[in-house]
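Take a look at the structure below.
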Amino acid sequence: MKINHIAIVLPDLESGAKFWLEAIGLPLEKVEDIPDQQVQVAFLPVGESHIELLTPTDDASGVARYLEKRGPGLHHICLEVDDIAATLEQLKRADIPLIDEEPRTTAGGKKLAFIHPKGTGGVLVELYELPDAAVRTD
């Protein structure tokens with residue numbers, strides 16, 4: 001298990017990215033629209049992980065509601081796991097509340113699921129299982 005990324009929600013990527021790109025000097029790997037999650041994401045590599053800056057693309061989306069309620073800042077931490085189904089079963093046995101009882105699969109073959117902040121001490125946690133071709137060997 002390792003940290004895949006730390007996601008930070010911002011009202012807009014351009015102004016929010018200035019700190020990370022200009023002041024800190026992180027490189028911008030790419031910007032991607034993710035229509036099914038109604039967000040635009042900027043990926044900034046940091047060692048073996050990423051900082052992901054995300055902004056809602058629809059005012060009715062879950063991320064937009066999160067931003068309106070809590071303001072900009074830490075949105076979630078993503079942990080990379082070898083077997084997401086087994087991890088979710090382990091969490092269920094431990095009575096940890098889940099947002100996703102079963103993993104969702106992205107167009108790229110990545111499996112993901114969210115753990116409810118009620119079970120993590122207040123932090124939204126995302127789990128990733130990367131497709132076999134993308135599994136890191138380090």
Side-chain angles (χ1 to χ4, degrees):
M1 189 178 302
K2 64 168 79 174
I3 294 175
N4 181 281
H5 65 267
I6 297 172
I8 299 167
V9 65
L10 302 164
D12 71 274
L13 289 184
E14 189 173 326
S15 63
K18 285 187 179 199
F19 167 77
W20 299 98
L21 298 172
E22 296 173 15
I24 298 293
L26 292 178
L28 175 63
E29 186 173 281
K30 66 180 175 175
V31 176
E32 185 176 321
D33 284 313
I34 306 174
D36 64 321
Q37 295 180 27
Q38 300 171 310
V39 294
Q40 184 178 53
V41 182
F43 298 88
L44 295 80
V46 179
E48 295 180 12
S49 301
H50 284 83
I51 298 288
E52 288 188 4
L53 306 177
L54 62 127
T55 191
T57 56
D58 184 321
D59 290 339
S61 71
V63 172
R65 290 189 306 271
Y66 183 100
L67 183 60
E68 185 178 317
K69 184 176 180 181
R70 295 179 178 89
L74 177 66
H75 185 261
H76 68 269
I77 297 173
C78 178
L79 301 175
E80 196 174 300
V81 298
D82 292 330
D83 185 338
I84 197 166
T87 303
L88 289 171
E89 285 304 316
Q90 176 184 341
L91 293 167
K92 289 175 193 176
R93 286 192 304 274
D95 292 324
I96 302 297
L98 304 173
I99 292 172
D100 297 301
E101 295 281 329
E102 299 294 327
R104 295 183 259 162
T105 303
T106 67
K110 177 176 32 188
K111 295 178 183 176
L112 66 91
F114 282 92
I115 304 168
H116 200 286
K118 290 178 185 176
T120 65
V123 177
L124 181 61
V125 175
E126 181 179 22
L127 301 174
Y128 267 5
E129 178 185 325
L130 300 179
D132 291 337
V135 172
R136 299 178 186 164
T137 58
D138 44 71

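Bear in mind that the values here come from a model prediction, so they are computed numbers and not experimental data.
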Linking I/L/V/M/F/W/Y whenever their side-chain heavy atoms sit closer than 4.5 Å, directly or via other members, would Val39 and Leu10 fall into one cluster?
no
Do Leu44 and Leu21 pass the side chain to side chain contact (heavy atoms under 4.5 Å, CB included) test, and can you show the C-alpha distance, the side-chain angles, and the key distance before you say yes or no?
CA-CA 8 Å; Leu44 295 80; Leu21 298 172; 3.5 Å; yes
By side-chain contact (heavy atoms from CB on, under 4.5 Å), which residues pair with Asp36, not counting sequence neighbours?
Ile34
Would you please name every residue forming a side-chain contact (heavy atoms from CB on, under 4.5 Å) with Ser61, sequence neighbours left out?
Gln38, Pro56, Asp58, Val63, Ala64
Mind checking side-chain contact (heavy atoms from CB on, under 4.5 Å) for Val31 and listing every partner two or more places apart, or none if nothing turns up?
Leu13, Leu28, Gln40, Ala42
Yes or no on side chain to side chain contact (heavy atoms under 4.5 Å, CB included) for Thr55 and Val9, after CA distance, side-chain angles and deciding distance?
CA-CA 6 Å; Thr55 191; Val9 65; over 6 Å; no
Please give me the minimum heavy-atom distance between Pro97 and Ile115, naming the atom from each residue.
O-CG2, 3.6 Å
Could you check if a side-chain atom of Ile8 sits within less than 4.5 angstrom of a side-chain atom of Leu54, using non-hydrogen atoms only?
no
Shortest non-hydrogen contact between Leu88 and Pro103, atoms and distance:
CD1-CD, 3.6 Å
Mind jotting down which residue pairs meet the salt bridge (Lys or Arg N to Asp or Glu O under 4.0 Å) criterion with at least one end in residues 12-21? Sequence neighbours excluded, please.
none
Using a 3.5 Å distance criterion without hydrogens, assess whether the side chain of Asp83 forms a donor-acceptor pair with backbone atoms of Ala85.
yes
Which residues pass the side-chain hydrogen bond (donor to acceptor under 3.5 Å, both in side chains) test with Lys111, sequence neighbours left out?
none
Glu80 side, atom CD; Thr87 side, atom OG1 - distance, nearest 0.5 Å:
11.5 Å
Residues two or more places apart in sequence or in another chain: which of them pass salt bridge (charged side-chain N to carboxylate O under 4.0 Å, His left out) with Lys92?
Glu89, Glu101, Glu102
Nearest 0.5 angstrom please: Leu53 CG to Ile51 CD1, how far?
7.5 Å
Can we say Lys2 and Glu48 salt-bridge, meaning some charged N sits less than 4.0 Å from an Asp/Glu carboxylate O?
yes
The test is side chain to side chain contact (heavy atoms under 4.5 Å, CB included); show your working for Glu126 and Ile99 and say whether it passes.
CA-CA 10 Å; Glu126 181 179 22; Ile99 292 172; over 6 Å; no
Partner set under side-chain contact (heavy atoms from CB on, under 4.5 Å) for Glu29, not counting sequence neighbours
Phe43, Pro45, His50
Applying side-chain hydrogen bond (donor to acceptor under 3.5 Å, both in side chains), can you list everything that pairs with Lys30, at least two apart in sequence or on another chain?
Glu32
Hey, could you give me the CG/CG distance between Leu91 and Asp95, rounded to the nearest 0.5 Å?
10.5 Å
How far does CH2 of Trp20 sit from CG of Leu26, to the nearest 0.5 angstrom?
7.0 Å
Keeping to residues at least two apart or across chains, list the ring-ring contact (aromatic ring centres under 6.0 Å, His included) pairs with something in residues 74-95.
His5-His76, Tyr66-His75, His76-Phe114
Just wondering, do Asn4 and Leu79 contact through their side chains at under 4.5 Å, heavy atoms?
no
Just wondering, do Cys78 and Ile3 contact through their side chains at under 4.5 Å, heavy atoms?
no
Roughly how far, to the nearest 0.5 Å, is the CD1 atom of Ile6 from the CD1 atom of Ile77?
5.5 Å
Among all residues two or more places apart in sequence or in another chain, which pass the side-chain hydrogen bond (donor to acceptor under 3.5 Å, both in side chains) test with Glu68?
none
Sequence neighbours excluded, which residues qualify as side-chain hydrogen bond (donor to acceptor under 3.5 Å, both in side chains) partners of Arg104?
Asp100
Measure the shortest side-chain to side-chain distance between Ile24 and Phe19 over non-hydrogen atoms and say whether it is less than 4.5 angstrom.
yes
According to a hydrophobic-cluster definition based on side-chain heavy atoms being under 4.5 Å apart (Ile, Leu, Val, Met, Phe, Trp, Tyr only), do Val41 and Val46 belong together?
no
Thr105 (side chain) donor-acceptor with Gly109 (main chain) under 3.5 angstrom
no
